[in-house]
Amino acid sequence: MRFWPTVFLLPLFSNFCLAQDNEANATWYGSIDAGYIASMGTTSGSKDTFRGKTSLNHKGLFWTQTISAEGISVQDDVASTADTERYLASYKARHFFGERNFFTLRAQWEKDLLSSSEYQAFVSLGLGKEIIKTEKHFFKVEAGPGARHSEKRFAPAKDEAIALLSLDYDWKITPNTKFLHKSTVEAGEDNTISRMQNQLKQNITKVVALTVNHDYKNDNGAINTREGVFSLGLNYQF
């Protein structure tokens with residue numbers, strides 16, 4: 001089973017979503033986030049950590065869409081350790097029914113140098129609910145089935161069914177300070193991938209913020225990798 005035709009149809013689906021919304025009520029917004037940390041040790045050597053992410057959002061009367069891309073790189077001068085480098089691109093569309101319930105469509109592509117796959121991609125459909133929505137706290141959950149394609153480095157490609165669970169939590173600590181948490185679990189026959197992103201954001205101006213970021217990924221597949229990346233950076237909203 002190859003689901004690439006579905007991926008290629010995503011731009012048409014995006015245009016359909018835009019057509020369903022009244023452009024007078026639509027809102028476009030996005031952000032660019034970049035972070036870096038340099039560290040030095042007597043046993044681990046010097047280490048450079050880079051992190052970058054950008055997202056574009058469209059919020060209409062019926063549909064909410066998000067396109068995002070991110071990259072993480074951790075390099076050191078110790079020959080015995082493997083450098084971390086991964087890239088991820090995703091598309092998500094939500095259609096609300098009722099006040100806080102919604103359908104969701106997700107598509108994701110990822111390349112991770114520490115993974116046993118050359119790349120992995122999935123498409124999923126699901127249901128979600130905004131459980132908490134107050135001035136200071138926001139929490140939503142999404143879940144549903146999907147299909148994942150894994151292009152292996154030293155084995156035949158694999159297609160499998162997956163179950164996807166996603167949690168988002170935002171906490172507005174003060175008018176200028178915010179904590180954001182995102183986590184997902186992609187459970188399949190061969191492996192389960194867990195991801196977690198935590199960010200503490202302190203506004204400097206209305207559009208620029210200082211950020212403290214922690215990104216974590218656990219893949220219990222053939223290589224069984226655990227990656228944690230810490231970075232400091234700047235966030236620009238537009």
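In what follows, residues are counted from 1 in the order of the sequence shown.
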Polar contact flag, side-chain donor to acceptor under 3.5 angstrom, Ser117-Glu151: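 Ser117 vs Glu151: no donor-acceptor pair found between side chains.
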How many angstroms lie between atom [atom1] of [X] and atom [atom2] of [Y], to the nearest 0.5 angstrom?
| X | Y | atom1 | atom2 | answer |
| --- | --- | --- | --- | --- |
| Lys59 | Asn57 | NZ | CG | 10.0 Å |
| His149 | Lys158 | NE2 | NZ | 12.0 Å |
| Gln197 | Asp215 | CD | CG | 5.0 Å |
| Lys178 | Thr211 | NZ | OG1 | 13.5 Å |
| Asp190 | Ile162 | CG | CD1 | 12.0 Å |
| Arg94 | Glu142 | CZ | CD | 6.0 Å |

Please tell me if the side chains of [X] and [Y] come closer than 4.5 Å, counting only heavy atoms from C-beta onward.
| X | Y | result |
| --- | --- | --- |
| Arg106 | Phe122 | yes |
| Phe179 | Asn198 | yes |
| Gln108 | Leu164 | no |
| Asp112 | Leu88 | no |
| Phe102 | Thr64 | no |
| Asn101 | Leu127 | no |
| Gln75 | Glu85 | yes |
| Asn191 | Gln120 | yes |

Could you tell me which non-hydrogen atom of [X] sits nearest to which non-hydrogen atom of [Y], and how far apart they are?
| X | Y | value |
| --- | --- | --- |
| Pro175 | Asn203 | O-ND2, 4.2 Å |
| His181 | Asp170 | N-OD1, 4.4 Å |
| Asp219 | Ser115 | OD2-OG, 4.2 Å |
| Tyr36 | Asp48 | OH-OD1, 2.9 Å |

**Asked** What's the verdict on side chain to side chain contact (heavy atoms under 4.5 Å, CB included) for Ile204 and Asn176, showing C-alpha distance, side-chain angles and the deciding distance?
**Response** CA-CA 8 Å; Ile204 301 174; Asn176 293 315; over 6 Å; no
Examine distances only and state if a side-chain atom of [X] and a backbone atom of [Y] form a donor-acceptor pair shorter than 3.5 Å.
| X | Y | answer |
| --- | --- | --- |
| Asp168 | Lys140 | no |
| Glu160 | Gly188 | no |
| Ser150 | Lys152 | no |

For the NZ atom on Lys136, are there more than 12 heavy atoms of other groups (residues, nucleotides or ligands in this structure) within a distance under 6.0 Å?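 No.
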Enumerate donor-acceptor pairs with a distance under 3.5 Å from any side-chain N or O in residues 223-238 to protein atoms, sequence neighbours excluded.
| from | atom 1 | to | atom 2 | distance (Å) |
| --- | --- | --- | --- | --- |
| Glu227 | OE1 | Arg86 | NH1 | 2.8 |
| Asn235 | ND2 | Asp33 | OD2 | 3.2 |

Would a single hydrophobic cluster contain both [Y] and [X], if residues Ile, Leu, Val, Met, Phe, Trp and Tyr are joined by side-chain heavy-atom contacts under 4.5 Å?
| X | Y | result |
| --- | --- | --- |
| Leu105 | Ile67 | yes |
| Ile173 | Leu180 | no |
| Val141 | Tyr169 | yes |
| Leu200 | Leu167 | yes |
| Ile72 | Leu113 | no |

Go through it in stages, so that I can follow the logic: the residues are Ser194 and Met196, the test is side chain to side chain contact (heavy atoms under 4.5 Å, CB included), and I'd like the CA-CA distance, side-chain angles, deciding distance and then a yes or no. CA-CA 7 Å; Ser194 303; Met196 183 168 56; over 6 Å; no
Trp171 and His137 aromatic ring geometry - parallel, tilted or perpendicular at 30°/60° bounds
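Parallel, since the angle between the ring planes stays under 30°.
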Check: Could you walk me through whether Trp28 and Leu56 pass the side chain to side chain contact (heavy atoms under 4.5 Å, CB included) check?
Finding: CA-CA 7 Å; Trp28 290 92; Leu56 180 64; 4.1 Å; yes
Taking Glu110 first and then Arg195, would you say they form a salt bridge - that is, a charged N and a carboxylate O separated by under 4.0 Å?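 A salt bridge is present here (some side-chain N lies under 4.0 Å from a carboxylate O).
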